[in-house]
Structures are given as structure tokens and as C-alpha cells.
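The model shown is predicted, which means the values in this text are computed figures rather than measured ones.
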Amino acid sequence: MKIDRAETLRYLGFRGQELSAADESNLARAEELCLSAATPRTVWARYDFDCAAMTPVGSGVVFRGNAIRRHLAGCRAVYLIAATLGLGLDKTIAGLMRTEPAVGVMTDAAAVSLIESVLDDLCADLAAREHGRLTRRFSCGYADFPLEQQTDFMRLLDMGRKLGVFIGADYLMTPQKTVTAVIGVREGEEKKS
């Protein structure tokens, strides 16, 4: 788990510009605040997968959308995953937005980089279990995979109890730096790198 400075700068809209001394100092402070306030947690579940029905077997869920159908074509199993950085980070960012908006925005961008790193680490662990036969992760809201299906992830992964994550009427989750995704397990031999 780490904060990728280049990714943070990309999220901030930097395109190769030189950072001022003040920006460099604020960014270093933002990264430190992000790391100290974050409490990363993950959860996952593996299901056999029925491609024709687009359902994790036994889940009572049907994935909707053409993009997810293409993404999971030929998969015999799926992992449902979720990761969060915790409510403490949300509170830290909210406080900074009131008192030091520049550092708040930088901390928020660093948090996006950090949650991606947490997900990358989780995916690497799952790939090792499956000998590299995994698809990339695919989240609700990508293309035509409905955001409403967040509720299925919440229920199947017991995210309220296990991660302290809750979902609003708009299908957005709290804490804000929370991500759900599905990863397919491909049929066949080990993927060659």
C-alpha cells in the first residue's frame, strides 16, 4: 500500500508542470495526513459463475449490462471485492476543506491514489491464488454496469458489518473512499506474463 505521487498529481490535473515549493510542501503534508488518517480494510468473496445467466451461483444476483457481459465472457468464477480507507480519512479531508482547502484537495487526490494501491494489492493476492487467470477489476458505474448494483455488493460482502461502509439513496457509499468491483476468473491455463 502506497501513495503514487505521479497518480496523485494526475488526479490533481498536473500535466508535467513544475511544482512550486509551496505545492511540494503541501503535497508532502497531504500524503502524510492521508496515510495517518486512513484505515484500509478489504473484503472479498469467490463465487462460481454462470455466464449464460450472468449470475454468481447461489447469490440471487444477476449482473446487468452489456459491458460486464463482455468483461466476464468465458469466466467460470468471479471475485466480488470491496476496499475502503475508513471514515477517519473522510473526516480529515472534510476538516481540511474548511481550514486549508489546498491541502484538503491534495489529501483527497492522495486518497484516490491510496485506495487504488489497496485494490492493486488485493488483486495481486487474488491473482496469485488463481495463477494469474484473472480479468481486470470492473466496478458498478463503468459503462452500462448499473451503479444500483452496489446494493448487491453491500449485501453479499456484508460491507456494513465487515467494513463499516453504508450506501445512500444515490447508491454512493460512505466512507467516500470505498470501491467495489468484480473480477472474473478465466477458463484455461495459467496466463503468461
Would you mind reporting whether [Y] and [X] have side-chain heavy atoms less than 4.5 Å apart?
| X | Y | value |
| --- | --- | --- |
| Met154 | Val165 | yes |
| Tyr171 | Gln149 | no |
| Ile3 | Leu35 | yes |
| Leu27 | Leu19 | yes |
| Tyr47 | Leu156 | yes |
| Ile81 | Leu126 | yes |
| Leu72 | Phe63 | yes |
| Leu85 | Thr39 | no |

To the nearest 0.5 Å, tell me how far [X] [atom1] sits from [Y] [atom2].
| X | Y | atom1 | atom2 | result |
| --- | --- | --- | --- | --- |
| Arg129 | Tyr79 | CZ | OH | 4.5 Å |
| Gln150 | Cys140 | CD | SG | 4.5 Å |
| Phe153 | Ser139 | CZ | OG | 7.5 Å |
| Leu147 | Thr180 | CG | OG1 | 8.0 Å |
| Glu148 | Ile167 | CD | CD1 | 9.5 Å |
| Thr42 | Asp121 | OG1 | CG | 9.5 Å |

Heavy-atom neighbours of [X] [atom1] exceed 12 at 6.0 Å:
| X | atom1 | value |
| --- | --- | --- |
| Glu18 | CD | no |
| Glu24 | CD | yes |
| Gln176 | CD | no |

Quick check against the 3.5 Å criterion: does [X] have a side-chain atom that pairs as donor or acceptor with the backbone of [Y]?
| X | Y | answer |
| --- | --- | --- |
| Ser117 | Ser113 | no |
| Arg161 | Asp158 | no |
| His71 | Val182 | no |
| Ser25 | Ala21 | no |
| Thr84 | Gly86 | yes |
| Gln17 | Arg15 | yes |
| Arg186 | Leu134 | yes |
| Thr107 | Val103 | yes |
| Glu31 | Met106 | no |

To check you understand the geometry: which heavy-atom pair defines the closest contact between [X] and [Y], and what is its length?
| X | Y | result |
| --- | --- | --- |
| Cys123 | Ile183 | SG-CD1, 3.5 Å |
| Cys51 | Arg69 | O-NH1, 3.6 Å |
| Ala111 | Leu89 | CB-CD2, 3.6 Å |
| Pro146 | Arg64 | CD-O, 3.1 Å |
| Ala110 | Cys34 | C-SG, 3.9 Å |
| Val78 | Gly184 | CG1-CA, 4.2 Å |

Give a yes or no on whether a salt bridge exists between [X] and [Y], defined as a side-chain N under 4.0 angstrom from a carboxylate O.
| X | Y | value |
| --- | --- | --- |
| Glu116 | Lys2 | no |
| Arg70 | Asp144 | no |
| Arg10 | Glu7 | yes |

### Task
Decide yes or no on side chain to side chain contact (heavy atoms under 4.5 Å, CB included) for Met1 and Leu114, but give the supporting numbers first.
CA-CA 7 Å; Met1 174 183 84; Leu114 185 60; 3.3 Å; yes
### Task
Any chance you could lay out the side chain to side chain contact (heavy atoms under 4.5 Å, CB included) test for Leu157 and Arg155, step after step, and finish with the verdict?
CA-CA 6 Å; Leu157 295 175; Arg155 178 178 57 82; over 6 Å; no
Report yes or no: do [X] and [Y] belong to one cluster of Ile/Leu/Val/Met/Phe/Trp/Tyr joined by side chain heavy-atom distances under 4.5 Å?
| X | Y | value |
| --- | --- | --- |
| Met159 | Phe166 | no |
| Val112 | Leu87 | no |
| Met54 | Val57 | no |

### Message
Angle between ring planes, Phe138 versus Phe145, binned at 30° and 60°: parallel, tilted or perpendicular?
### Response
tilted
### Task
Before giving the answer on salt bridge (charged side-chain N to carboxylate O under 4.0 Å, His left out), spell out for Arg76 and Asp50 the whole-Å C-alpha distance, their side-chain angles and the decisive distance to 0.1 Å.
CA-CA 7 Å; Arg76 59 181 171 77; Asp50 181 338; over 6 Å; no
